[in-house]
Structures are given as structure tokens and as C-alpha cells.
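All residue numbers in this chain count up from 1 along the given sequence. Here the structure is a predicted model, which is why all the values come from computation and not from measurement.
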Amino acid sequence: MTTTDLRVETLTGAAPQDAPSGTGTGTGTGAAHSALIADWQHVHNTIVPVASAYLSLDDVAERAGRHVLEVAYAGDVLVGCSTVRAPRDGVATVISRVLPEHRGRGFGTALYERGLGTARALGAEHIETVLLASNTAGLRFAERAGFTVETDRYRLDGDTVDWVELRLA
């Protein structure tokens with residue numbers, strides 16, 4: 001599979017039972033919307049396996065109302081997800097996650113490019129990403145994508161590893 005096979009679905013904050021009909025927006029039938037939420041949750045919780053970041057299905061649905069959440073598929077196979085947090089004080093956050101077995105095929109780059117475009121369309125003056133310091137593959141990917149300025153490093157209560165915030169240079 002290549003990035004030309006990539007299909008990206010955008011989640012909305014509508015509860016599955018309230019989701020209107022439609023395609024390609026993550027708001028189709030209640031079952032389809034619930035499946036997108038579950039797929040996004042699976043990727044997130046697989047890539048970010050720390051207690052402070054664990055998200056329930058309800059957490060994901062709530063985040064979909066505040067952020068742009070997307071789920072990526074190669075054909076019908078789940079490969080990743082992304083988050084774009086709208087700008088605050090001119091700074092947006094873009095996060096791309098690709099399941100380990102699907103890395104190295106351009107899916108992360110495609111998700112990041114989509115996220116960067118979304119962040120800029122939302123008015124971002126600066127763009128950051130955040131990831132675990134233990135995610136060495138993610139750190140290398142972020143650096144290759146131009147996220148080279150460390151803006152913060154912190155540890156949340158209960159975590160055993162630091163979070164790193166990087167700004168696009």
C-alpha cells in the first residue's frame with residue numbers, strides 16, 4: 001500500500017446517536033461514527049501507552065468536539081490517526097500517529113501535511129507537536145519534518161517518562 005491508497009476520515013464531536021447522514025466526515029451512521037472513534041482511540045492508546053494519556057471512547061468523542069481528529073486507512077486497513085489543536089496565542093499543535101507495522105511508507109508524512117494545512121487554515125502562526133521522550137522513532141520523524149526547537153519538557157503525575165513539545169522551525 002502507498003499513500004495514494006490513503007483514505008482519511010474526519011471525526012466530529014456529534015455523539016453517535018446524534019450524527020447526521022453523510023460520507024467522508026466521520027458523521028455517517030451511528031455505527032460508522034462509533035467505529036471511527038474506536039479506531040482513533042486504538043491508534044492513540046497504542047502509540048501513547050502511558051496512564052495519563054489513556055483515552056476512553058467518551059474522551060475521544062469529547063476531543064472530537066474541540067480538535068480536528070482524523071483516522072487514516074490504507075484501503076480498509078487502519079494505519080494511523082492525527083490531531084490538530086486549534087491555535088491558542090497563535091500556536092497550533094499537530095500530532096500524527098502511525099501504527100508500527102505501517103511506518104516507513106509515507107503515511108505519517110501524509111497525515112502531518114494534512115495537519116499542517118489544517119492548522120494554517122485555522123490561523124496558526126506557529127506549529128508545535130508533542131510526544132513522549134521515549135518515542136525515539138517519533139522524535140526522529142518530527143525532526144525530519146522540521147520540528148527542531150524544543151519548547152517544553154515535562155512529566156505528568158504518575159508518568160515515568162517525559163513529554164516533549166517541539167516547534168516547527
Side-chain angles (χ1 to χ4, degrees), residues 1 3 6-13 15-16 26 31-86 88 91-116 118-119 127-168:
M1 295 266 168
T3 57
L6 191 67
R7 175 175 55 90
V8 179
E9 299 283 341
T10 303
L11 278 165
T12 65
H33 187 257
S34 294
L36 286 174
I37 289 173
D39 284 351
W40 192 96
Q41 178 206 36
H42 170 75
V43 175
H44 175 275
N45 290 345
T46 298
I47 303 301
V48 190
V50 294
S52 67
Y54 174 84
L55 297 177
S56 69
L57 294 173
D58 287 339
D59 294 333
V60 175
E62 185 275 328
R63 282 187 181 207
R66 293 185 291 125
H67 308 307
V68 178
L69 304 184
E70 293 186 325
V71 185
Y73 302 88
D76 290 330
V77 177
L78 176 65
V79 298
C81 73
S82 65
T83 303
V84 177
R85 297 177 189 153
R88 289 183 53 184
V91 180
T93 302
V94 175
I95 305 166
S96 170
R97 303 169 199 88
V98 176
L99 293 168
E101 62 270 25
H102 300 290
R103 292 180 182 159
R105 294 186 247 172
F107 299 130
T109 299
L111 284 170
Y112 252 124
E113 288 173 358
R114 285 179 62 91
L116 294 174
T118 299
I127 299 173
E128 294 183 348
T129 194
V130 60
L131 60 159
L132 291 169
S134 60
N135 183 352
T136 56
L139 288 168
R140 283 191 309 273
F141 175 84
E143 184 176 292
R144 285 192 312 272
F147 291 89
T148 58
V149 179
E150 186 173 319
T151 60
D152 200 6
R153 185 177 287 254
Y154 54 90
R155 185 169 296 187
L156 297 175
D157 289 342
D159 284 353
T160 58
V161 64
D162 289 343
W163 291 89
V164 180
E165 292 183 6
L166 300 169
R167 182 167 288 182
L168 189 62

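For the side-chain contact (heavy atoms from CB on, under 4.5 Å) test with Phe107, the passing option among Val79, Leu99, Val8 is Val79; the others fail. Glu128 pairs with exactly one of Arg167, Arg85, Arg88 by the salt bridge (Lys or Arg N to Asp or Glu O under 4.0 Å) rule, that one being Arg167.
Among residue pairs with one or both ends in residues 131-141, none qualify as side chain to side chain donor-acceptor pair (under 3.5 Å); sequence neighbours excluded. Residue pairs satisfying the salt bridge (charged side-chain N to carboxylate O under 4.0 Å, His left out) criterion with at least one member in residues 45-60, sequence neighbours excluded, are absent. Every pair tested for ring-ring contact (aromatic ring centres under 6.0 Å, His included) that includes a residue from residues 47-67 fails, sequence neighbours excluded, so the list is empty.
For Val60, the side chain to side chain contact (heavy atoms under 4.5 Å, CB included) criterion is met by Leu11, Ile37, Trp40, Gln41, Leu55, Leu69, not counting sequence neighbours. Here Thr83 pairs with Arg97 under the side-chain hydrogen bond (donor to acceptor under 3.5 Å, both in side chains) rule; sequence neighbours left out. For the salt bridge (Lys or Arg N to Asp or Glu O under 4.0 Å) test, residues two or more places apart in sequence or in another chain that qualify with Asp162 are Arg155. In this structure Leu116 satisfies the side chain to side chain contact (heavy atoms under 4.5 Å, CB included) test together with Val94, Arg120, Ile127, Phe147, Leu168, sequence neighbours excluded. Among residues two or more places apart in sequence or in another chain, the ring pair (Phe, Tyr, Trp, His ring centres under 6.0 Å) test is passed with Phe141 by Tyr112. Take Arg66 and apply the salt bridge (Lys or Arg N to Asp or Glu O under 4.0 Å) test, not counting sequence neighbours, and it matches Glu62. Not counting sequence neighbours, Arg63 has no partner by the side-chain hydrogen bond (donor to acceptor under 3.5 Å, both in side chains) test. For Glu150, the salt bridge (Lys or Arg N to Asp or Glu O under 4.0 Å) criterion is met by Arg153, not counting sequence neighbours. The salt bridge (Lys or Arg N to Asp or Glu O under 4.0 Å) search around Arg114 returns Glu70, not counting sequence neighbours.
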Legend entry - side chain to side chain contact (heavy atoms under 4.5 Å, CB included) assessment of Ile95 paired with Val130: CA-CA 7 Å; Ile95 305 166; Val130 60; 3.6 Å; yes
Inset, instruction - I would like to know whether Val164 and Tyr154 meet side chain to side chain contact (heavy atoms under 4.5 Å, CB included); could you show each step before the answer? - result: CA-CA 7 Å; Val164 180; Tyr154 54 90; over 6 Å; no
Inset, instruction - Test Ile47 against His42 for side chain to side chain contact (heavy atoms under 4.5 Å, CB included), laying out the working first. - result: CA-CA 9 Å; Ile47 303 301; His42 170 75; over 6 Å; no
Legend entry - Stepwise side chain to side chain contact (heavy atoms under 4.5 Å, CB included) test for Leu156 and Trp163: CA-CA 8 Å; Leu156 297 175; Trp163 291 89; 3.6 Å; yes
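Side-chain atoms of Val48 and Leu132, non-hydrogen and from C-beta on, do get closer than 4.5 Å to each other. Annotation: side chain of Val68 is in contact with side chain of Thr10 (closest heavy-atom distance under 4.5 Å). In this structure, the side chains of Leu78 and Val43 come closer than 4.5 Å at one or more pairs of heavy atoms.
Between Ala110 and Leu6, the shortest heavy-atom distance links the atoms CB-CD2, 3.6 Å. Listed here is the closest heavy atom pair of Leu111 and Gly80: CD1-C, 4.3 Å. Heavy atoms only, all atoms of each residue included: Ala133 and Leu139 are closest at O-CD1, 3.3 Å. The two residues Thr129 and Ala142 make their nearest non-hydrogen contact at CG2-CB, 4.3 Å. Considering every non-hydrogen atom in both Ala38 and Leu57, the closest pair reads CA-CD2, 3.7 Å.
Taking CD of Glu113 as the reference point, atom OG of Ser82 lies at 12.5 Å (rounded to 0.5 Å). Here the straight-line distance linking atom SG of Cys81 with atom CG of Leu36 works out to 11.5 Å at 0.5 Å rounding.
Between Arg7 and Glu9 there is a salt bridge, with a side-chain nitrogen of the basic residue lying less than 4.0 Å from a carboxylate oxygen of the acidic one.
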